[in-house]
Protein chains: 2
Amino acid sequence: MNEMPHILVVDDHREIRAAVTRYLEKNGMRATAAQDAAEMDAKLATGHFDLIVLDVMMPGEDGLSVCRRLSGEGGLPILMLTALGQETDRIVGLEIGADDYLPKPFNPRELLARIKAILRRSDRSEPLAGSLAGKKVRFAQWVLDSDRRVLIDGNGQETALTGADFKLLTVLLERARLVLSRDQLMDLTAGRRAAPLDRTIDNQISRLRRKIEKDPMQPRLIITVRNGGYSLAADVEVMNE
Amino acid sequence: MNEMPHILVVDDHREIRAAVTRYLEKNGMRATAAQDAAEMDAKLATGHFDLIVLDVMMPGEDGLSVCRRLSGEGGLPILMLTALGQETDRIVGLEIGADDYLPKPFNPRELLARIKAILRRSDRSEPLAGSLAGKKVRFAQWVLDSDRRVLIDGNGQETALTGADFKLLTVLLERARLVLSRDQLMDLTAGRRAAPLDRTIDNQISRLRRKIEKDPMQPRLIITVRNGGYSLAADVEVMNE
DNA sequence: AACAGTTGATACATTCTGCGACAAAACTCT
DNA sequence: AGAGTTTTGTCGCAGAATGTATCAACTGTT
């Protein structure tokens, strides 16, 4: 997490919104407030957020409904605020997809600690996502020029990459040495879920290997992990401008 | 998450350990218990876990200390159990690196929901070779190149390893001279529990021996411990880059 | 409209792994 | 020591997973 995390606070009480946003901003975060689900949707559509603090009890669409809706689509983490003692709500919230809840009234310091705990965790899921934009990246015997989408070898020889090649390679570079399942790769490269018996990723790996491996029959860079997926076996260095 | 998640329950009260593990196992998870920090460390070294449920109050090293230690290294998610009302502990726990806490006494259904919430957002990908990822490792007459998954002998001769060979060897190298049971090996290599009469590990050991032993009929590197399992009898040295 | 390039699907070849079966070895007990 | 029992070693095979050639659909260009 390089920049300040951006938190969206959704609560119908003006005082709570104000207090929470002020406290978060005093502690190294950006905070934006919304007073109901409709306003939340508007803010979400036009900005980038790292986490939503969501009140369960709201006029209009309530927190549980919002939570169900959001956790279905995006993977935006949600921290729910519940009235004290409504254990049922809390459990249902967690089961529906909230990442945490906090009973009201709450200690702002605890809210902050919980937000950080969630961010720390979800941070992992997109470690360097998009961070390669415009950079040059060195790995194994190659340098990837991510502006031009071209690979350059030690002799200055260039190899062109297609869109799919480039996207897949970028995803692997950003997660070097991690084993990524076909599902994850499909999600990360194409944003869709792999159908059963879908060989798309295998095909793309095969094509990419033909371009980047010295000997595509004995791949050294992109390793197959049976029953696991694929893994990039190389150190990755983002080059200085 | 393809397989059942494996939860390590650390608590000094026998009844709580028993109740929690039983409940988790009834709900589609594997659960293993440890009664204190020392036993926890032993289990961690010889098994694969996805999350730790950790009691704060324990004889010996206490939960906060454990939490600080673990969150430094591994990144294994931690859910802390705290005595009711000790808000300070809870906040400190979260700040130290716990992913969540639950005050005792707790509703088992809520514990389950929280565990699932953490697993859902942490669903982490792991490096293929654990702590050896990307390293070269010398043992006996071999050097293992863990990027390329090949063994190199003194003459530079290479021996290819299949995925299962490599995973098993990696697990053994990381735990040289420890005796690992078939169950533990199954857990560490495949993340699943060995069925009764399961000869899978024996087979893999046999195949691996054929590749790494000078005389596979008289194994010197991978030792059989009757009624115990197998053990790697060699010094292991991670080589400098 | 023809074309070149790219991508996903399908089919087939190849490799890998778990399993059952049986052999061999180790251990126990008399 | 010998017979019986348990544990381990490994062979062969079938099913599953993977690699990739080929083709059809699609995109954008000329």
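Just the heavy atoms: all of them, side chains too, but no hydrogens, waters or symmetry mates, feed the values below. Labels below follow one simple rule: chain letters A, B, ... track the order of the sequence lines, proteins then strands, and each chain is numbered from 1.
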query: Do any side-chain nitrogens or oxygens of A:Thr224 fall under 4.0 Å of OP1 or OP2 in D:dA17?
result: no
query: Could you state the OH-C1' distance from B:Tyr230 to D:dT10, rounded to the nearest angstrom?
result: 11 Å
- prompt: In whole Å, what is the span from the CD1 atom of B:Ile223 to the C1' atom of D:dG9?
  reply: 15 Å
task: Side chain of A:Asp202 only, please: which of D:dG19, C:dA9, C:dT17 is the nearest?
output: D:dG19
- prompt: Taking atom CZ of B:Arg138 as the centre, does the number of heavy atoms from other residues, nucleotides or ligands within less than 6.0 Å exceed 12?
  reply: no
task: Return the value, rounded to whole Å, for the distance between atom CG of A:Leu197 and atom P of C:dA9.
output: 11 Å
message: Is the phosphate of D:dA21 approached by A:Arg210 (side-chain N or O, under 4.0 Å from OP1 or OP2)?
response: yes
message: On the side chain of A:Arg207, is there an atom forming a donor-acceptor pair with the base of C:dG8 - under 3.5 Å, no angle test?
response: yes
- prompt: Quick one: is C:dT7 close enough that its OP1 or OP2 comes under 4.0 Å of any side-chain N or O from A:Thr200?
  reply: no
Between P of C:dT17 and CZ of B:Arg192, the distance in whole Å: 12 Å
query: B:His48: what forms a side chain to side chain donor-acceptor pair (under 3.5 Å) with it, not counting sequence neighbours?
result: none
field: C:dT17 phosphate, OP1 or OP2, under 4.0 Å from B:Thr162 side-chain N/O
entry: yes
- request: Hey, which sits more toward the 5' end of DNA chain C by its nearest nucleotide, A:Met186 or B:Met217?
  value: A:Met186
- line: Whole-Å distance, A:Arg182 CZ to D:dA17 C1', equals 7 Å
query: Phosphate oxygens OP1/OP2 of C:dT17: is one of them under 4.0 Å from a side-chain N or O of B:Gln204?
result: no
- request: Look at the side chain of A:Asn203 against the base of D:dA21 and say whether a donor-acceptor pair falls under 3.5 Å; ignore hydrogens and angles.
  value: yes
field: Other residues, nucleotides, ligands: >12 heavy atoms within 6.0 Å of B:Arg175 CZ
entry: yes
- prompt: More than 12 foreign heavy atoms under 6.0 Å from CZ of B:Arg177: is that the case here?
  reply: yes
message: Rounding to an integer number of Å, can you tell me how far B:Asn227 CG sits from D:dT6 P?
response: 12 Å
- prompt: Whole Å only: how far is the CG atom of B:Leu161 from the P atom of C:dT15?
  reply: 17 Å
- prompt: At under 4.0 Å between heavy atoms, what does A:Phe166 touch on the DNA or RNA strands: base, sugar-phosphate, or nothing?
  reply: nothing
- prompt: Taking atom types as they are modelled, is there a donor-acceptor pair under 3.5 Å from the base of D:dG9 to the side chain of B:Arg199?
  reply: yes
- prompt: Can you tell me how far P of C:dA9 sits from CD1 of A:Ile201, to the nearest Å?
  reply: 10 Å
query: Under 6.0 Å from the CZ atom of A:Arg220, do we count more than 12 heavy atoms belonging to anything else shown?
result: no
